[in-house]
Amino acid sequence: MNSLKQEIAKLKNKEKAKVMQGFFKTEKGQYGEGDIFLGISVGDQRAVAKRFSNFKLAEIRPFLKSKIHEERLVALLILVQQFEKGSEEEKKKIFDFYFENVKGINNWDLVDLTAPKIVGAWLLDKNRKKLYKLAESKDLWEKRIAILATYTFIRKQDFKDCLAISKKLLQDKHDLIHKAVGWMLREVGKKDQVIEEKFLKKHYKQMPRTMLRYSIERFEEKKRLAYLKGKI
């Protein structure tokens, strides 16, 4: 366990850390308040995770409780690697473990790099009620997990849950939810723009502006401007 901490610490970069502290909004009252960064690239963290991919869940748990962002992310990347290679029983344990430690999954990159690959992947052929409970959570990150998990379904041409959860989150107040929903709607549109537009025509006038902008980003200019002007 100490060796993993040492491997992570070796890669710290003070200048990058300062930039990341600002980028991930770590000041008082911001969404990442109190998060501590060492300034390590995701690529380097993936490489470390690969070297420690045989860690047991009990060894991973303390890292998910760490105040250091990169320690939590490396731990989550180890979980992703183990999930992808695991048996059905092992995948179920990792899925459950993920939610047992969900309080440590508390910034957008931690969610985005793991929710599709663990939560979405596990629920692909299973009941998805859990996502709807997460979408109703008061916790920002649980709501983001709910919508990001649908990315896995979208890639399989399965849009129902993305659209239903997007509808639930239309009135959410947080910019990070607006961006996440808009992003997933855009991904639906990449697969089937007719389905995306059917949803948008019902809801775009009630959407937060950021959500709408993200969702129509790939539309041809004339149509994109028509949506922005409310003339669809």
Side-chain angles (χ1 to χ4, degrees), residues 20 23-25 30-32 35 41-43 46 69 73 76-77 80 98 102 105-124 128 130-221 223-228 230 232:
M20 288 179 169
F23 186 68
F24 285 92
K25 308 296 184 188
Q30 295 181 314
Y31 64 73
D35 212 350
S41 72
V42 173
R46 286 189 193 280
H69 187 94
L73 181 51
L76 288 165
L77 292 172
V80 168
Y98 186 90
V102 75
I105 307 168
N106 58 355
N107 217 315
W108 58 262
D109 61 325
L110 305 179
V111 173
D112 297 3
L113 291 170
T114 61
K117 292 182 177 181
I118 294 176
V119 183
W122 176 251
L123 296 176
L124 195 56
R128 300 170 187 174
K130 186 171 185 70
L131 296 184
Y132 291 83
K133 289 181 181 177
L134 292 170
E136 293 170 359
S137 172
K138 292 181 180 178
D139 183 84
L140 165 63
W141 308 115
E142 290 188 1
K143 288 184 284 190
R144 190 159 173 122
I145 288 170
I147 189 63
L148 259 293
T150 69
Y151 199 177
T152 308
F153 314 152
I154 293 166
R155 287 170 168 165
K156 300 286 187 181
Q157 304 282 341
D158 180 353
F159 311 128
K160 181 181 176 183
D161 295 291
C162 174
L163 299 177
I165 291 169
S166 293
K167 186 176 179 181
K168 274 184 172 292
L169 295 173
L170 280 176
Q171 301 306 315
D172 195 88
K173 303 298 183 188
H174 206 290
D175 184 62
L176 285 178
I177 297 300
H178 303 168
K179 290 176 179 177
V181 172
W183 172 20
M184 290 302 101
L185 290 172
R186 185 172 75 234
E187 293 302 320
V188 170
K190 285 182 187 178
K191 298 290 186 182
D192 192 326
Q193 190 169 319
V194 172
I195 287 177
E196 183 193 4
E197 286 206 68
K198 185 177 179 182
F199 180 88
L200 289 177
K201 284 171 183 176
K202 283 184 183 177
H203 303 294
Y204 84 98
K205 289 185 178 179
Q206 290 77 48
M207 274 185 178
R209 201 68 168 170
T210 298
M211 189 185 293
L212 177 59
R213 285 185 180 277
Y214 270 59
S215 66
I216 62 175
E217 196 174 76
R218 290 172 62 89
F219 286 10
E220 55 92 17
E221 186 71 1
K223 182 175 282 189
R224 193 178 65 80
L225 290 174
Y227 271 104
L228 290 173
I232 290 292

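What you are looking at is a predicted structure, and each value in this text was computed from that prediction instead of being measured. These numbers come from the heavy atoms of this one structure, side chains and all, not from hydrogens, waters or symmetry mates.
Looking at T114, its side chain never comes within 3.5 Å of a backbone N or O of L76 through a donor-acceptor pair. The backbone N or O of R209 lies less than 3.5 Å from no partner atom in the side chain of Y214, so there is not a single donor-acceptor pair. Under a 3.5 Å cut-off, the side chain of N107 and the backbone N or O of L110 do not form any donor-acceptor pair. With D192 contributing its side chain and V194 its backbone, the two residues share a donor-acceptor pair below 3.5 Å. No donor-acceptor pair closer than 3.5 Å links the side chain of H178 to the backbone N or O of L170.
Between E217 and W183 the shortest side-chain heavy-atom distance does not fall below 4.5 Å. Side-chain contact check for V119 versus L131: some heavy-atom pair is nearer than 4.5 Å. Between K143 and L134, the closest side-chain pair of non-hydrogen atoms is not below 4.5 Å. Two residues are said to be in side-chain contact when any heavy atoms from C-beta on lie closer than 4.5 Å; V80 and L113 fail this criterion.
A distance of 10.5 Å separates NE2 in H203 from NZ in K198, rounded to the nearest 0.5 Å. From C162, atom SG reaches atom CZ of F199 across 7.5 Å, with rounding to the nearest 0.5 Å. The NZ atom of K160 lies 13.0 Å from the CD1 atom of I195; values are rounded to the nearest 0.5 Å. Once rounded to the nearest 0.5 Å, the distance linking CG of L163 with CG of L185 reads 6.5 Å. The line from CZ of R213 to CE of M207 is 13.5 Å long, rounded to the nearest 0.5 Å. Interatomic distance, I232 CD1 to R224 CZ, rounded to the nearest 0.5 Å: 12.0 Å.
Salt bridge annotation for D158-R128: present, with a cationic side-chain nitrogen under 4.0 angstrom from a carboxylate oxygen. A salt bridge links D112 with R144: at least one charged nitrogen is closer than 4.0 Å to a carboxylate oxygen. At a threshold of 4.0 Å, the pair E220-K223 does not count as salt-bridged, since none of the basic side-chain nitrogens sits closer than that to a carboxylate oxygen. The pair K179-D175 meets the salt-bridge criterion, with a side-chain N (NZ, NE, NH1 or NH2) lying under 4.0 Å from an Asp/Glu carboxylate O.
The cationic atom of R155 (NZ for Lys, CZ for Arg) lies less than 6.0 Å from the six-membered ring centre of Y151 and within 45° of the ring axis.
Residue L124 comes nearest to F153 through the heavy atom pair CD1-CD2, 3.6 Å, listed as atom of the first residue, atom of the second, then distance. Taking all atoms of both residues into account, the shortest heavy-atom contact from L200 to S215 is CD2-OG, 3.7 Å. Between A146 and A135, the closest heavy-atom pair is CB-N, 3.7 Å.
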| field | Test log, rule side-chain contact (heavy atoms from CB on, under 4.5 Å), inputs V42 and R46 | value | CA-CA 6 Å; V42 173; R46 286 189 193 280; 3.8 Å; yes

| request: Dump the intermediate steps for side-chain contact (heavy atoms from CB on, under 4.5 Å) on I216 and L228, then the final yes or no. | output: CA-CA 9 Å; I216 62 175; L228 290 173; 3.9 Å; yes

| said: Does W108 form a side-chain hydrogen bond (donor to acceptor under 3.5 Å, both in side chains) with Y31? I'd like the steps, not just the answer. | reply: CA-CA 9 Å; W108 58 262; Y31 64 73; 3.2 Å; yes

| request: Go through the steps for K133 and E142 under the test side-chain contact (heavy atoms from CB on, under 4.5 Å), then give the verdict. | output: CA-CA 9 Å; K133 289 181 181 177; E142 290 188 1; over 6 Å; no

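In terms of the side-chain hydrogen bond (donor to acceptor under 3.5 Å, both in side chains) criterion, residue partners of K168 (sequence neighbours excluded) are, by chain and number, E136.
For the residue pair Y98 and W122, no side-chain donor N or O sits within less than 3.5 Å of a side-chain acceptor on the partner. Between the side chains of Y132 and D161, at least one donor N or O sits under 3.5 Å from an acceptor N or O. A donor-acceptor contact under 3.5 angstrom links the side chains of Y227 and E197, judged on distance only.
Between H69 and F24, the angle of the ring planes lies from 30° to 60°, which puts this pair in the tilted group.
Around NZ of K190, the count of heavy atoms belonging to other residues, nucleotides or ligands within 6.0 Å exceeds 12.
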